[in-house]
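Single-structure report; data block below.
Start at 1 with the first residue, then count along the sequence.
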Amino acid sequence: MAKIIAIANQKGGVGKTTSAVNLAASMAATKRKVLLIDLDPQGNATMGSGIDKYEVEYSAYDLLVEDVPFEQVVETETSGGYHVVAANGDVTAAEVKMMEMYGRELRLKNALDKIKDQYDFIFIDCPPSLNMLTVNAMAAADSVIVPMQCEYYALEGLTALMDTISQLASIVNPKLKIEGILRTMYDPRNRLANDVSEQLKHHFGDKVYRTVIPRNVRLAEAPSFGSPVMYYDKSSSGAKAYLALAGEMLRRSNKNATA
């Protein structure tokens with residue numbers, strides 16, 4: 001049965017979608033069956049997976065609001081070897097429509113309960129705000145990965161996010177926990193980045209992934225080619241970092257299963 005992981009941060013521009021796409025591709029490269037759900041109306045994870053968001057017949061909107069069967073919504077032909085539930089501007093309307101629905105915060109969970117045994121990992125790319133789409137992701141997820149830059153404001157935002165996750169856990173999903181904190185756009189030459197990194201490790205211990213995602217031009221270029229970085233330039237530091245992250249997550253998962 002799939003492990004469902006939301007990738008979330010209320011702060012934008014922290015590498016959230018980049019992490020969702022490249023982690024999905026890296027896990028798929030290890031022969032795991034992977035689904036990526038794009039809940040961000042910008043549809044960047046959709047485009048970064050080689051799918052034209054303007055051409056999709058069905059999107060996350062149809063799954064959440066119209067009860068279109070998952071088999072019709074899912075996109076199986078992607079550039080990263082994983083399946084995708086696409087997003088586009090229609091998903092903005094899903095939030096409005098769901099507000100009128102009974103059990104609105106459980107719409108995604110109920111949809112995934114029917115198909116989660118088909119996958120090893122399901123990643124959910126959340127919008128950079130706390131809205132009904134994010135609440136649905138948190139209600140459906142087993143855990144949350146928090147990508148963040150090592151800078152002062154990001155550290156402040158992390159505290160707010162932890163409070164939010166704690167509140168959502170108490171209301172909609174008691175089993176929700178932090179999967180890990182991922183340091184992104186990391187530059188070891190930056191003294192502030194190193195200081196913030198040390199503070200993270202001090203406060204969160206082994207919740208902070210050992211793997212760090214460096215600042216990398218190839219990571220920034222890959223989405224414009226509709227491809228995860230490992231298929232755009234597999235020798236780049238960005239591609240190697242996300243493969244290393246997938247390996248670290250699998251080792252953690254195996255260790256926890258053994259324990």
Side-chain angles (χ1 to χ4, degrees), residues 2 4-14 16-17 19-21 35-49 51 53-75 83-116 119 122-147 157-179:
I4 304 174
I5 301 174
I7 300 177
N9 194 326
Q10 289 161 260
K11 190 176 188 299
V14 296
K16 182 175 51 61
T17 297
S19 296
V21 168
L35 171 66
L36 174 60
I37 299 174
D38 190 355
L39 284 190
D40 190 339
Q42 295 178 82
N44 291 336
T46 300
M47 299 289 276
S49 301
I51 300 167
K53 66 182 179 182
Y54 301 107
E55 297 295 326
V56 294
E57 185 174 0
Y58 297 111
S59 69
Y61 170 87
D62 299 284
L63 186 69
L64 292 168
V65 176
E66 300 294 343
D67 294 319
V68 174
F70 175 81
E71 291 72 22
Q72 289 180 244
V73 175
V74 68
E75 302 281 340
H83 293 177
V84 171
V85 172
N88 52 30
D90 293 347
V91 178
T92 304
E95 185 182 2
V96 179
K97 292 276 189 180
M98 282 192 294
M99 294 304 289
E100 304 165 0
M101 294 176 151
Y102 176 76
R104 54 187 177 268
E105 68 277 0
L106 300 175
R107 299 289 294 179
L108 181 60
K109 180 184 186 301
N110 293 339
L112 294 184
D113 280 347
K114 300 171 186 174
I115 57 89
K116 62 185 179 183
Y119 296 96
I122 298 175
F123 296 105
I124 308 171
D125 184 30
C126 299
S129 59
L130 181 60
N131 56 24
M132 188 50 61
L133 296 167
T134 306
V135 170
N136 263 263
M138 297 292 184
D142 300 307
S143 56
V144 185
I145 288 177
V146 183
L158 182 62
T159 305
L161 181 63
M162 291 301 175
D163 290 342
T164 298
I165 292 170
S166 177
Q167 289 170 18
L168 287 172
S170 65
I171 298 167
V172 298
N173 185 359
K175 67 179 181 179
L176 186 68
K177 65 182 192 300
I178 300 294
E179 181 73 22

At their closest point, which heavy atom of [X] faces which heavy atom of [Y], and how far apart are they?
X	Y	value
Ala45	Thr17	N-CG2, 3.4 Å
Leu176	Ala141	CD1-O, 3.8 Å
Leu161	Ala8	CD2-O, 3.7 Å
Glu179	Ser143	OE1-OG, 2.7 Å
Gly48	Val21	O-CG1, 3.9 Å
Ala20	Leu36	CB-CD1, 3.9 Å

[Y] side chain reached by [X] side chain, heavy atoms, under 4.5 Å:
X	Y	answer
Met132	Val96	no
Met98	Asn136	yes
Met99	Met101	no
Glu66	Tyr61	yes
Leu112	Ile37	yes
Leu168	Leu130	yes
Val146	Val144	yes
Ile145	Ile178	no

Task: Candidate list Leu35, Leu108, Val85, Ile7, test side chain to side chain contact (heavy atoms under 4.5 Å, CB included), partner Ile124, passing option - done: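 For Ile124, the side chain to side chain contact (heavy atoms under 4.5 Å, CB included) test succeeds with only one of Leu35, Leu108, Val85, Ile7, which is Leu108.
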So with a 6.0 Å cut-off around [atom1] of [X], is the heavy-atom count from everything else above 12?
X	atom1	result
Glu57	CD	no
Lys97	NZ	no
Lys11	NZ	yes

Any donor-acceptor N/O pair, [X] side chain to [Y] backbone, under 3.5 Å:
X	Y	answer
Asn88	Gly43	no
Ser166	Met162	no
Asp62	Tyr58	no
Lys16	Cys126	yes
Asp142	Ile4	yes
Arg107	Leu64	yes
Asn173	Ala139	yes

With rounding to the nearest 0.5 angstrom, report the [atom1] to [atom2] distance, [X] to [Y].
X	Y	atom1	atom2	result
Gln10	Leu158	CD	CG	10.0 Å
Lys109	Lys114	NZ	NZ	11.5 Å
Ser129	Asn9	OG	CG	11.5 Å

TODO: Kindly determine whether Thr46 and Asp38 satisfy side-chain hydrogen bond (donor to acceptor under 3.5 Å, both in side chains), including the steps that lead there.
DONE: CA-CA 6 Å; Thr46 300; Asp38 190 355; 2.8 Å; yes
Open item on the list: Run the side-chain contact (heavy atoms from CB on, under 4.5 Å) test on Leu63 and Val68 for me, step by step, so that the C-alpha distance in whole Å, both residues' side-chain angles and the decisive distance to 0.1 Å come before the verdict.
Closed with: CA-CA 5 Å; Leu63 186 69; Val68 174; over 6 Å; no
Task: Steps toward side-chain hydrogen bond (donor to acceptor under 3.5 Å, both in side chains) verdict (Thr134, Asn131) - done: CA-CA 5 Å; Thr134 306; Asn131 56 24; 3.3 Å; yes
Open item on the list: Set out, in order, the CA-CA distance, both residues' side-chain angles and the distance that settles side-chain hydrogen bond (donor to acceptor under 3.5 Å, both in side chains) for Asp90 and Ser59, then state yes or no.
Closed with: CA-CA 8 Å; Asp90 293 347; Ser59 69; 4.6 Å; no
TODO: Take Val56 and Ile51 through the test side-chain contact (heavy atoms from CB on, under 4.5 Å) and record every step on the way to the result.
DONE: CA-CA 8 Å; Val56 294; Ile51 300 167; 3.4 Å; yes
